Participant: 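I have a structure I would like to understand better, so I am pasting it below and will then ask my questions one at a time.
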2 protein chains.
Amino acid sequence: MTNTSKTATLICTEIERRIAAGAYSDGEKLSEQGLAAEFAVSRTPLREALQILQGLGHVELIPNRGAFVRRPSITRLVEMFEVMAEMEAWCVRLATARITPAQRLYLRQAATDCDKALAANNPEAYFEANGRLHGTIYEASGNSVLMEETQRMVRRLRPFRRSQLNLTGRLEASMREHDEILNAIEENEPERAAALMRAHINILSQSYDQYLAQIEGLPGHTH
Amino acid sequence: MTNTSKTATLICTEIERRIAAGAYSDGEKLSEQGLAAEFAVSRTPLREALQILQGLGHVELIPNRGAFVRRPSITRLVEMFEVMAEMEAWCVRLATARITPAQRLYLRQAATDCDKALAANNPEAYFEANGRLHGTIYEASGNSVLMEETQRMVRRLRPFRRSQLNLTGRLEASMREHDEILNAIEENEPERAAALMRAHINILSQSYDQYLAQIEGLPGHTH
DNA sequence: TCTTCGCAAGTTGTATACAATATCACCACA
DNA sequence: TGTGGTGATATTGTATACAACTTGCGAAGA
């Protein structure tokens, strides 16, 4: 994904944004010609973007028929969060046993940066540091395949995550959870770390309730 | 993947086969022009195949540079099996609680078909029935996202699975394991079912030792 | 001799033209 | 009235032409 051509990535992100925003109804057909004209590119890079979107599960490509949006239902989004929570829990369970001293430092640094960003009321910096913290845990799991799959899951959910979700309330609680997870890692308690992480992600998913309800109410949504 | 154009899928499968067979060394560059000529197609469908391969993690596409094969090391293949084993275990744990009577019947039917195929010494039929059995478990997990991700993992490992691995010895043991897993499901013991499944996949992975050693010995492999 | 700049060849990225396939309206016919 | 077939139209799939970029060689200069 990070290695894909610039144009296709941009188009892909924009279509993702639209799907998450509810601009398309579930099952709606995406016209190659129409989108190509809209983005002022030829069909070649547009088709590339559609293939990426298929890989992320956001559209379905049917041969000789075209691309059809797959807008996730509430059920499906919950399932995605469920899978991600379990993968993150698994990462941290392994990481607790395998983490290196250097990675321990990275983790604490990332946690500190989260803290600073929160104090500075800088959501962008917070999400960067938050991503770094979680990413370090994936890496510390010592299983690169698990790491990549977890990152892929994060990537899939990205368009559905609200960047501005209640900055004061939830983020502070989230930070305390980070600290507890890091403590569990340092105290070498893999099961506790995993349970805390699972709860951390699941609580996170609940913050999307409002959004989920909104998406469900949009027209054309069937499941 | 199943929804991709015929041509690209064929090319993709052939390149996968070659990577698994060790025809390319790790990091080797794949020439679009060369491969297009070889498969007697234009660069357009060939690039589509390369994008699919990137999605499966078998090549890395670097913008303006080209496609580079990512032949998995022993370590990486073990990691892939580890992830798959855990996902399958997770599926069966959920399936034990959620399976429907109809799915129970499908499972037993698939197990019977495995049995028949083994008796008839028909490996192709065995692998079909085996896939059906595992697929039904994914589906019975009740989490479609988990199901899709697990299937994707199976798909990724496919080119590295030997279709003919000792037909008499291992397959019979594999079948007994199937029966034990199905029993655990019907006796409503999710943890036992999960443990059995994890062992089932991990033992399976050990059958590839010979192959893994072979791949590792090939030239150009670095990690 | 080593470094750096610039040009040329080759490769990838994109646009466009053409071929193959699906869609849909219309008509013949029971 | 309903059903099945047929052709026009539109859309997708593929080939090809062109643009943009990378790479590697070689010359100029320190």
Side-chain angles (χ1 to χ4, degrees), chain A residues 1-19 23-71 220 222, chain B residues 1-19 23-71 220 222:
Chain A
M1 184 56 37
T2 56
N3 298 326
T4 319
S5 85
K6 206 169 148 189
T7 309
T9 306
L10 287 174
I11 295 171
C12 185
T13 307
E14 171 59 16
I15 297 179
E16 267 183 308
R17 198 195 57 71
R18 292 186 186 182
I19 292 174
Y24 305 117
S25 50
D26 187 53
E28 181 172 345
K29 181 173 177 185
L30 296 178
S31 156
E32 287 185 5
Q33 199 171 290
L35 286 171
E38 202 173 340
F39 291 112
V41 294
S42 75
R43 280 173 52 220
T44 311
L46 188 102
R47 282 170 64 89
E48 189 183 334
L50 290 177
Q51 285 164 23
I52 294 168
L53 286 169
Q54 170 172 251
L56 295 169
H58 295 134
V59 309
E60 184 177 3
L61 295 179
I62 301 178
N64 292 317
R65 295 281 308 278
F68 301 85
V69 317
R70 268 183 70 177
R71 184 143 65 91
T222 56
Chain B
M1 183 55 38
T2 55
N3 299 327
T4 317
S5 84
K6 205 169 147 189
T7 309
T9 305
L10 286 175
I11 296 171
C12 186
T13 305
E14 171 59 17
I15 297 178
E16 268 184 306
R17 198 194 57 73
R18 292 185 186 182
I19 292 175
Y24 305 118
S25 49
D26 187 52
E28 181 172 345
K29 182 174 176 185
L30 297 178
S31 157
E32 287 184 5
Q33 198 172 290
L35 286 173
E38 201 173 342
F39 291 113
V41 294
S42 75
R43 280 174 52 222
T44 312
L46 188 100
R47 283 170 63 89
E48 189 183 333
L50 290 177
Q51 286 163 23
I52 294 168
L53 286 170
Q54 170 172 248
L56 295 170
H58 295 135
V59 309
E60 183 176 5
L61 295 179
I62 302 178
N64 293 316
R65 295 279 309 279
F68 301 86
V69 316
R70 267 183 71 180
R71 183 143 65 91
T222 56

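Note that the structure is predicted; figures quoted are calculated from it, not measured. Residue numbers begin at 1 in each chain, while the letters A, B, ... track the order of the sequences.
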Participant: Give me the one residue out of I52(A), V69(A), I19(A), L50(A) that meets side-chain contact (heavy atoms from CB on, under 4.5 Å) with H58(A).
Facilitator: I19(A)
Participant: I need the CD-P distance between Q33(B) and dT12(C), as an integer number of Å.
Facilitator: 8 Å
Participant: Step through the shown structure and confirm whether more than 12 heavy atoms of other residues, nucleotides or ligands are within 6.0 Å of CD on Q33(A).
Facilitator: no
Participant: If only side-chain N and O atoms of T7(B) are considered, is one of them under 4.0 Å from the OP1 or OP2 phosphate oxygen of dG13(D)?
Facilitator: no
Participant: Are there any protein N/O atoms within less than 3.5 Å of an N/O atom in nucleotides 21-23 of chain D, and if so, which ones and at what distance?
Facilitator:
| residue | atom | partner | partner atom | Å |
| --- | --- | --- | --- | --- |
| dT23(D) | OP1 | R65(B) | NE | 2.6 |

Participant: In whole angstroms, how far is the P atom of dT12(D) from the CG atom of L50(A)?
Facilitator: 9 Å
Participant: Could you check A67(B) against S42(A) and say which one's nearest nucleotide on DNA chain C is further toward the 5' end?
Facilitator: A67(B)
Participant: Can you tell me how far apart CZ (R17(A)) and SG (C12(A)) are? Round to the nearest 0.5 Å.
Facilitator: 13.0 Å
Participant: Looking at R70(B) and E60(B), does any basic side-chain N land under 4.0 Å from a carboxylate oxygen?
Facilitator: no
Participant: For the pair made of CD in E32(B) and P in dG13(C), what is the distance, rounded to whole Å?
Facilitator: 6 Å
Participant: Among dA15(D), dT14(C), dT12(D), find the nucleotide with the atom closest to the side chain of R43(B).
Facilitator: dT14(C)
Participant: Identify which one of T7(A), L46(A), L10(A) satisfies the side-chain contact (heavy atoms from CB on, under 4.5 Å) criterion when paired with F39(A).
Facilitator: L46(A)
Participant: Rounded to whole angstrom units, what separation is found between the CD1 atom of I62(A) and the P atom of dT11(D)?
Facilitator: 17 Å
Participant: Go through the structure and list residues passing side chain to side chain donor-acceptor pair (under 3.5 Å) with R65(B), not counting sequence neighbours.
Facilitator: none
Participant: Between A40(A) and S31(B), which is nearer to the 5' end of DNA chain C once each is assigned its nearest nucleotide?
Facilitator: S31(B)
Participant: If I take atom CZ in residue R47(B) and atom P in nucleotide dT14(C), what distance separates them, rounded to the nearest angstrom?
Facilitator: 7 Å
Participant: Just to confirm, is there a sub-4.0 Å distance from OP1 or OP2 of dT12(D) to any side-chain nitrogen or oxygen of K29(A)?
Facilitator: yes
Participant: I need the CG-C1' distance between L10(A) and dG13(C), as an integer number of Å.
Facilitator: 14 Å
Participant: Grab the CD-P distance between E48(A) and dT14(C) for me, whole Å please.
Facilitator: 6 Å
Participant: Q54(A) side chain to V59(A) main-chain N or O, any donor-acceptor pair under 3.5 Å?
Facilitator: no
Participant: Check whether any side-chain N or O of R71(A) sits under 3.5 Å from a backbone N or O of Y24(A) as a donor-acceptor pair, and report yes or no.
Facilitator: yes
Participant: Any side-chain to backbone donor/acceptor pair from E28(B) onto S25(B)? Under 3.5 Å, distance only.
Facilitator: yes
Participant: What nitrogen or oxygen pairs link the protein and nucleotides 5-7 of chain D at under 3.5 Å?
Facilitator:
none

Participant: Figure out the CG/C1' separation between L46(A) and dT11(D), and round it to whole Å.
Facilitator: 13 Å
